[in-house]
2 protein chains.
Amino acid sequence: MDTNELLKLENQLCFAFYSCSREITKLYRPLLAELGLTYTQYITMLALWEQDNVSVKELGSKLLLDSGTLTPLLKKLESMGLLTRARDKSDERHLVVRLTEQGQALKDKASCVPLRLFEGTTVMPEEIFALRNQVQTLMSKINDAT
Amino acid sequence: MDTNELLKLENQLCFAFYSCSREITKLYRPLLAELGLTYTQYITMLALWEQDNVSVKELGSKLLLDSGTLTPLLKKLESMGLLTRARDKSDERHLVVRLTEQGQALKDKASCVPLRLFEGTTVMPEEIFALRNQVQTLMSKINDAT
DNA sequence: ATTGATTAAATTGTATGCAATTTATATAGC
DNA sequence: GCTATATAAATTGCATACAATTTAATCAAT
């Protein structure tokens, strides 16, 4: 393949991912607005609904985000009354995040989001699962190398 | 599938895309640093190497970005001497972006980037092409609906 | 106990994304 | 020609991302 083909925007896997990721985020936006959440706030809540009482560090390793992103985001969710932030008594370096009752209750309202996401499109569930698995495989190959 | 499964982070296609997109961007970072570009600046240059003399509007429709993102980005690339920004004489509403010689010359330095990207990983070219096609198919299905 | 290294968050600074508004220009219809 | 509408960029404000640095707490090793 020559240089021109190699450098074409439409031939870049990265651009496909990058743009598709943002398009999917746009599908989420109206659904998440009903919950009062942004997309990053939503995936943070997903992580907390799966496992509560985690440190910023643990949360960051699940979401692949660092404290530079998480600190302001968690402060925002705290100000919204969805969680609390407190230093771990046994190791004051760790800040422990805990869902409030309100934060836990939001899970019920969020439960319909995944099924509603691709409503109105011709995207099929099997397609989603298959693609997700392939993307995760790619991710592990990338992470193995670094 | 019950609510807990549906809301698991690892079951979200969006999160797979979102995190994979950022991981690939991290692979790019050291390569693009040699060119003095960020990732978004790089895909903007890709679009311009394909077609020069375009308006912000046209560029935005290719990159799926609006003037809120592009205006400061193009000003930055202009200050780096890679392009010029000038109003279209025949319609002053349009701002035309043109590559400078320096901007065109950068294409040669960039030509090795795509091939070097997955060096050191076990990711195979066929895998990349196949996945890119599937992601693009998903994108069209999403865009058809909206 | 003291000091040096390590670790976890927070902070700082830069660069995106994007909704909403504003500004400037062009077009349509009368 | 004049006004209402439409269009393209720019601007504003908020929310990420992330590298690099700083701060605070813990651990290691003598």
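Just so it is clear: chains get the letters A, B, ... in the order the sequence lines come, proteins before strands, and each one is counted from 1. Since we're looking at a predicted model, the values are computed, not measured. We use all heavy atoms of the structure for the numbers below, so side chains are in, but hydrogens, waters and symmetry mates are not.
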Looking at every strand, decide which applies to A/L70 at a 4.0 Å heavy-atom threshold: base, sugar-phosphate, or nothing.
nothing

At less than 4.0 Å, is any side-chain N or O atom of B/K75 found next to OP1 or OP2 of D/dT11? Yes or no.
yes

Can you check the B/E58 CD to D/dA9 C1' distance for me, whole Å?
14 Å

Any B/H94 side-chain nitrogen or oxygen under 4.0 Å from OP1 or OP2 of D/dA9:
yes

Taking only side-chain N and O atoms of B/Y39, does any of them lie within less than 4.0 angstrom of OP1 or OP2 on D/dA17?
no

Rounded distance (Å) that lies between atom P of C/dA8 and atom CG of A/L59:
14 Å

For B/T40, which contact category applies under a 4.0 Å heavy-atom criterion: base, sugar-phosphate, or nothing?
sugar-phosphate

Are B/L35 and B/L27 linked, directly or through intermediate hydrophobic residues, by side-chain heavy-atom contacts shorter than 4.5 Å (ILVMFWY only)?
yes

For B/R22 and D/dA17, is the shortest distance between a side-chain N/O and OP1 or OP2 below 4.0 Å?
no

Send over the distance from B/L95 CG to C/dA24 C1', rounded to a whole Å.
13 Å

Between A/L64 and A/L77, is there shared hydrophobic-cluster membership here, with clusters defined by ILVMFWY side-chain heavy atoms closer than 4.5 Å?
no

5'-most contact on DNA chain C: A/R29 or A/T71, nearest heavy atom basis?
A/T71

Touch check for A/L64, heavy atoms < 4.0 angstrom, all strands: base, sugar-phosphate only, or nothing?
sugar-phosphate

Hey, does the side chain of A/K76 come within less than 4.0 Å of D/dA15's phosphate (OP1/OP2), counting only N and O?
yes

Distance test, side-chain N/O of A/T69 to OP1/OP2 of D/dA17, below 4.0 Å:
no

Between D/dA10 and B/R85, is there an OP1 or OP2 to side-chain N/O distance shorter than 4.0 Å?
yes

Nearest to the side chain of B/L73, which nucleotide is it out of C/dA10, C/dG17, C/dT16?
C/dT16

Closest to the A/D66 side chain: D/dC18, C/dC18, C/dA9?
D/dC18

With a 4.0 Å cut-off on heavy atoms, is B/T38 in touch with a base, just the backbone sugar-phosphate, or nothing at all?
sugar-phosphate

Give one of base, sugar-phosphate or nothing for A/L37, where a contact means two heavy atoms less than 4.0 Å apart.
nothing

Which whole-number value in Å describes the distance from B/D88 CG to C/dA26 P?
9 Å

Side-chain N or O of B/Y18 versus OP1/OP2 of D/dT16: is the shortest distance under 4.0 Å?
no

Nearest-angstrom distance from the residue atom NZ of B/K26 to P of D/dA17
11 Å

Rounded distance in Å - OH (A/Y42) to P (D/dT16)
15 Å

Aromatic ring pairing A/Y39/B/Y18, orientation class (parallel under 30°, perpendicular over 60°, tilted between)
perpendicular

For C/dG17, take OP1 and OP2 only and decide whether either is under 4.0 Å from a side-chain N or O of A/T25.
no

To the nearest angstrom, how far is A/L65 atom CG from C/dA9 atom C1'?
15 Å

Residues B/K8, B/E5: salt bridge by 4.0 Å N-O rule
yes

Between B/K62 and B/E50, does any side-chain N to carboxylate O distance fall below 4.0 Å?
no

Would you say B/T100's side chain and B/G81's backbone share a donor-acceptor pair under 3.5 angstrom?
yes

May I ask you to verify if any side-chain N or O of A/R93 is less than 4.0 angstrom from the OP1 or OP2 atom of C/dA10?
no

Tell me the interatomic distance from A/Q41, atom CD, to C/dG17, atom P, rounded to whole angstroms.
18 Å

Taking for each residue the nucleotide of DNA chain C bearing the nearest heavy atom, is the 5' side occupied by A/V56 or by B/E92?
A/V56

Using a distance-only criterion (donor-acceptor N/O pair, under 3.5 Å, no hydrogens), is the base of D/dA10 paired with the side chain of B/S67?
yes

Out of A/L82, A/D52, A/N53, which residue meets the side chain to side chain contact (heavy atoms under 4.5 Å, CB included) rule with A/L99?
A/D52

Taking only N and O in the side chain of A/S55, is any of them less than 4.0 Å away from OP1 or OP2 of C/dA9?
yes

